[in-house]
2 protein chains.
Amino acid sequence: MSLDTRLSGILHVLLHMAEHRGPVTSEVLARAMHTNPVVVRRVMAGLREKRLVASTKGHGGGWTIACDMERTTLRHIYEAVGSPALIALGNRSERPTCLVEQAVNAALDETFREAEALMLERLGGGSLATLSADFHARMVEHGHSIDHHHHNHSHDPEHST
Amino acid sequence: MSLDTRLSGILHVLLHMAEHRGPVTSEVLARAMHTNPVVVRRVMAGLREKRLVASTKGHGGGWTIACDMERTTLRHIYEAVGSPALIALGNRSERPTCLVEQAVNAALDETFREAEALMLERLGGGSLATLSADFHARMVEHGHSIDHHHHNHSHDPEHST
DNA sequence: ACTCATGTAACTGTGTATGTTACATGATGG
DNA sequence: CCATCATGTAACATACACAGTTACATGAGT
């Protein structure tokens, strides 16, 4: 089965935005994410509805973070992209009349619910700030080498990736 | 995303088989599962390789359970159907050179791994016998009413669902 | 031999995430 | 005020995996 990568992608994009002072265009974010600007806008639209990011049009426009990164968790982001299914397995039929199927569903649903709850709890326990801090730690670990990441530390945000 | 229902379906089928004395044909199992006989054979092929079920051709042929239902766990069945992905989310790229993406992947992978481990543990903790017992308990609860499940208790296995 | 049932290949159907093109809308700057 | 830039969105194309279907070969039983 092909996996849903919207959460992964949008987190990547948000962390890049956090390193910028001004707005970042979909065009720039799309290059960092190796995808199309429209895909970025499509996913960002969900975050904008939740006021996690803001967009401005025209010259010098683009996307900016509009939330407190300390308070915003990965779960908030997950929900903003539409709360896609976390578990890849399912039952053949909900509300079956067959008792055999009811027993099977009950056993599997229990397992699925537990795993889903665990994932939501873990996502709710990590903030964007924590994630960004982890990124910075990795940067230090790599000796701030610009070659090994997509962000540059120059004072000109126009040339960052 | 559409869910993988092979585990659910095959468990349904196995529990029905457990109520039968002789072999059960793909045709009969397919009707209980509301699907096509070929789909049943396709999934059962994986179980046969693991010697969990056996198949016989010709008159009076069909599928029979070839394992100890006390010792066989849902995890064994899960693996027999090919260990499909449990988690529906993924990273946009494995082994990224971008440190931002590495940080994102690390955070998500940790969560995914934990949830996956939990699911495998739960699946490994439930046997086919337990599941079958749960089914029988449900049957008692419903006053053994034949109308509410697909299995009949007559002495003629040829007319069971 | 005839029938029944599995074994399997090949093809189709379907749903969803993703990618792309096209164009409208609105903001900025000269 | 008009050209440019960037978002907003619809519409369509693509990719992929599970599920369903058709067709036919193989082997077992009567």
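Letters A, B, ... mirror the listed sequences (proteins, then strands); counts begin at 1.
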Begin from the C-alpha positions of B:H16 and B:H20 and carry the test ring-ring contact (aromatic ring centres under 6.0 Å, His included) through to its verdict. CA-CA 7 Å; B:H16 272 290; B:H20 275 265; 7.8 Å; no
Might you work through the side chain to side chain contact (heavy atoms under 4.5 Å, CB included) test for B:M119 and A:I87, ending with a clear yes or no? CA-CA 10 Å; B:M119 290 182 79; A:I87 308 298; 3.8 Å; yes
For a side chain to side chain contact (heavy atoms under 4.5 Å, CB included) check, start with the C-alpha distance between B:M44 and B:S55, then their side-chain angles and the critical distance, and finish with the verdict. CA-CA 9 Å; B:M44 292 293 269; B:S55 61; over 6 Å; no
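Residues B:Q102 and A:F135 form no side-chain contact, since every pair of their non-hydrogen atoms from C-beta on lies 4.5 Å or further apart. With contacts defined as side-chain heavy-atom distances shorter than 4.5 Å, the pair A:V13/A:V24 does not qualify. Between B:T64 and B:T56 the shortest side-chain heavy-atom distance does not fall below 4.5 Å. Residues B:R41 and B:P37 meet the side-chain proximity criterion, which asks for heavy atoms closer than 4.5 Å. Within the 4.5 Å cutoff, side-chain heavy atoms of A:T35 are placed close to those of B:R92.
Taking atom CZ on A:R92 and atom C1' on D:dA19, their separation rounds to 8 Å, with Å as the unit. Atom-to-atom, CG of A:D4 to P of D:dC18 comes out at 16 Å; the value is rounded to the nearest Å. Rounded to an integer number of Å, the gap from A:E27 CD to C:dG19 P is 15 Å. A:I10 places its CD1 atom 15 Å from the P atom of C:dA17, with the value rounded to the nearest Å. Protein atom CG of A:L29 is 15 Å distant from nucleotide atom P of C:dG19, rounded to whole Å. D:dA17 atom P lies 10 Å from atom CG of A:L3, rounded to whole Å. The separation between B:N36 atom CG and C:dT6 atom P is 12 Å, rounded to whole Å. The separation between B:L7 atom CG and D:dC18 atom C1' is 14 Å, rounded to whole Å.
Taking the nucleotide of DNA chain D with the nearest heavy atom to each of B:T35 and A:V38, the more 5' of the two is matched to A:V38. When the nearest nucleotides of DNA chain C are assigned to B:S55 and A:V39 by heavy-atom distance, the more 5′-ward of the two goes with B:S55.
With axes fitted over five pairs at each extremity, the angle between the ends of the helix from C:dA1-D:dT30 to C:dG30-D:dC1 is 10° (10° resolution).
Using a 4.0 Å cut-off between charged side-chain N and carboxylate O, A:E114 and B:R122 make a salt bridge.
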Are any protein N/O atoms closer than 3.5 Å to N/O atoms in nucleotides 27-30 of chain D? If there are, list each pair with its distance.
unit_1, atom_1, unit_2, atom_2, d
D:dG27, O4', B:K57, NZ, 3.3
D:dG27, N2, B:G58, N, 3.2

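Legend: residues meeting salt bridge (Lys or Arg N to Asp or Glu O under 4.0 Å) with B:R6, ordered by chain and number and at least two apart, are B:D4. Residues that satisfy the salt bridge (Lys or Arg N to Asp or Glu O under 4.0 Å) test with A:E70, not counting sequence neighbours, are absent from this structure.
Of all the heavy atoms in B:N105 and A:S8, the pair that sits closest is OD1-OG, 4.1 Å.
Within residues 107-117 of chain A, no residue has any heavy atom closer than 4.0 Å to DNA chain C. Of the residues in residues 41-48 of chain B, those placing a heavy atom less than 4.0 Å from an atom of DNA chain C are B:R41, B:R42, B:R48, in numerical order.
Side-chain N/O atoms of A:T5 include none lying less than 4.0 angstrom from OP1 or OP2 on C:dA17. Within the 4.0 Å cut-off from OP1 or OP2 of D:dT7, at least one side-chain nitrogen or oxygen of A:S26 is found.
Under the 3.5 Å distance criterion, with hydrogens and angles disregarded, a donor-acceptor pair is assigned to the side chains of A:S127 and A:T130.
Under the 3.5 Å distance criterion, the side-chain polar atoms of A:T72 are matched with a main-chain donor or acceptor of A:D68.
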